[in-house]
There are 2 protein chains.
Amino acid sequence: MPKTPAPLYEQIRQLIVAALAAGEWRPGDMLPSEAALAQRFGASPGTVRRALDELTAENLVERRQGSGTFVSTHSAPRQQFRFLRLVADDGEQGFTRELLGCRRMRATAAIAHALGLRAAEPVIEVRRLLHRRGRPVVLDELWLPERHFEGLSADVLAQHPGTLYALFETRFGVHMVRAEEKLRAVAAAPEVAALLRVGEGEPLLCVERLAYTYGDRPVEFRRGFYYTSSDHYSNELN
Amino acid sequence: MPKTPAPLYEQIRQLIVAALAAGEWRPGDMLPSEAALAQRFGASPGTVRRALDELTAENLVERRQGSGTFVSTHSAPRQQFRFLRLVADDGEQGFTRELLGCRRMRATAAIAHALGLRAAEPVIEVRRLLHRRGRPVVLDELWLPERHFEGLSADVLAQHPGTLYALFETRFGVHMVRAEEKLRAVAAAPEVAALLRVGEGEPLLCVERLAYTYGDRPVEFRRGFYYTSSDHYSNELN
DNA sequence: CAGTGGTCTAGACCACCAT
DNA sequence: TGGTGGTCTAGACCACTGC
């Protein structure tokens with residue numbers, strides 16, 4: 001236990017996160033004004049503002065002077081490539097998506113462990129390609145706990161025009177908040193090489209991602225193979 | 001030009017950065033107290049605090065309740081691996097360093113461009129290996145503008161026990177503030193493979209880094225080859 | 001023009017650290 | 001015990017947005 005109780009602004013931050021998790025405000029919605037929140041939580045406006053500043057830094061909300069504070073949404077254009085760091089060497093970021101498959105399966109040990117599931121719990125597997133300039137550059141395989149994504153199918157995926165995370169948000173109420181990635185260089189296995197149209201054994205960037213929703217609950221495990229001959233993974237350190 | 005002048009806290013932030021760049025306070029030094037800074041800049045303590053909060057978020061300073069605000073330093077244990085994201089799969093982070101060479105040369109076009117130098121300006125090249133558990137896992141090659149690192153030599157490098165960035169800071173007054181990295185998977189070239197003791201053509205993670213000092217001036221260009229069989233590059237997205 | 005967030009101030013009180 | 005940063009409050013005024 002902490003010696004001191006968490007500061008008020010942190011308690012308020014957590015209450016707001018809980019409300020977001022409960023769906024009180026959906027992605028894209030406007031939150032009550034600072035004054036209204038201050039009243040609701042019985043704190044001064046400055047303290048509420050501090051809580052909102054933290055949430056802004058975490059990318060959970062977005063503030064627009066003159067209009068209000070809004071719940072972040074992956075449907076916004078700005079969030080399009082929030083978690084996809086592969087950019088073309090000339091700076092281009094766009095991709096076209098090609099769905100390879102979507103099926104129900106039982107979690108492998110590795111997947112269950114990553115997602116915090118019991119062994120062999122049902123998950124949904126999605127496989128797809130991302131193309132740039134007509135060339136496949138990313139092979140993505142991802143696994144989702146079925147209980148959070150009931151009804152996800154190839155049809156649903158095919159009909160949705162936007163990003164996966166935008167779909168998850170609007171259709172399943174699962175908003176991705178942050179992610180951890182592990183990167184490695186690997187040799188292309190035969191099946192992967194064929195899909196990416198590269199030689200077998202060609203070096204690929206293997207990106208494993210664990211994505212979390214509100215309250216730090218992992219809800220997606222993903223493995224991507226990036227072909228980096230004229231693209232690179234871009235990162236900022238500070 | 002901005003329609004509105006920058007807010008006061010931002011102006012103060014910039015003044016403090018300028019003072020850091022000028023060496024008024026060196027890494028590890030304590031800054032004047034909030035009250036003293038408020039007096040110096042003719043602002044209220046709250047405004048100075050806001051400026052210091054920004055600098056804290058950028059990792060330029062570090063605040064310790066009860067003792068003061070200090071200039072960040074790469075000599076601190078916490079900063080040991082601030083820019084090195086390669087961790088062993090079991091979480092270990094330590095390395096041992098082996099110097100391969102240090103020489104003066106003229107900047108290639110690529111290096112000059114990255115560092116903002118004129119063509120063929122003199123730079124210092126450093127090459128080294130990082131070992132983990134007795135095995136080489138990183139081959140680093142880096143280039144520094146000679147005018148900022150006059151006197152850097154194999155001897156100087158050999159005698160310094162800590163990280164390169166700690167050395168740059170204490171010996172040359174160059175503090176690294178942030179960096180941009182570009183990652184790719186590549187096949188090991190013969191010379192690289194020999195040094196890392198892997199097969200030729202083995203997939204390696206190629207990490208290009210441009211590191212900046214105060215005022216966003218690039219002062220180091222680096223290329224690393226990471227062997228990622230039981231290590232991975234770890235990244236956080238939000 | 002009303003409502004929103006953004007800036008800036010002033011000050012009280014607390015927690016922590018060094019001595 | 002004195003000095004430091006950390007929290008919280010209260011309120012004034014400004015800038016921007018949308019109706």
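Here is how names work: the chains are called A, B, and so on, in the same order as the sequence lines, proteins then strands, and each is numbered from 1. Here the structure is a predicted model, which is why all the values come from computation and not from measurement. Heavy atoms only: backbone and side chains are in, while hydrogens, waters and symmetry mates are out.
Looking only at distances, a side-chain donor or acceptor of Gln11(A) sits under 3.5 Å from a matching main-chain atom of Ala6(A). With hydrogens and angles ignored, the 3.5 Å screen pairs a side-chain donor or acceptor of Arg132(A) with a backbone N or O of Gln93(A).
Looking only at side-chain heavy atoms (C-beta outward), Tyr226(A) and Leu183(A) stay at 4.5 Å or farther from each other.
Applying a 4.0 Å cut-off to non-hydrogen atoms, the residues of residues 48-63 of chain A that approach DNA chain C are Arg49(A), Arg63(A), listed by residue number. Near DNA chain D, meaning a heavy atom under 4.0 Å away, the residues from residues 25-46 of chain A are Ala43(A), Ser44(A).
Remark: Asp140(A) engages Arg128(A), Arg222(A) in a salt bridge (charged side-chain N to carboxylate O under 4.0 Å, His left out) (not counting sequence neighbours). In terms of the ring-ring contact (aromatic ring centres under 6.0 Å, His included) criterion, Tyr212(A) has no residue partners (sequence neighbours excluded). Residues satisfying the ring-ring contact (aromatic ring centres under 6.0 Å, His included) test with Phe83(A), not counting sequence neighbours, are His74(A), Tyr165(A). When the side-chain hydrogen bond (donor to acceptor under 3.5 Å, both in side chains) test is applied to Asp53(B), the partners found at least two apart in sequence or on another chain are Arg63(B).
A salt bridge is absent between Glu181(B) and Arg85(B); no separation between the charged side-chain nitrogens and carboxylate oxygens falls under 4.0 Å.
One can place CD of Gln65(B) at 6 Å from P of dC16(C), the figure rounded to the nearest angstrom. For Glu10(A) and dT7(D), the CD to P distance is 10 Å, given to the nearest whole Å. Rounded to whole Å, the distance from CZ on Arg64(A) to C1' on dG3(C) is 15 Å. Following rounding to the nearest Å, Leu8(A) (CG) and dA10(D) (P) show an atom-to-atom distance of 12 Å.
Phosphate proximity of dT9(D) to Thr47(A): present, with a side-chain N or O under 4.0 Å from OP1 or OP2. Of the side-chain N and O atoms in Ser67(B), none sit less than 4.0 angstrom from OP1 or OP2 of dG5(D). Contact between the side-chain N/O atoms of Tyr9(B) and the OP1/OP2 oxygens of dT7(C) is found at a separation under 4.0 Å.
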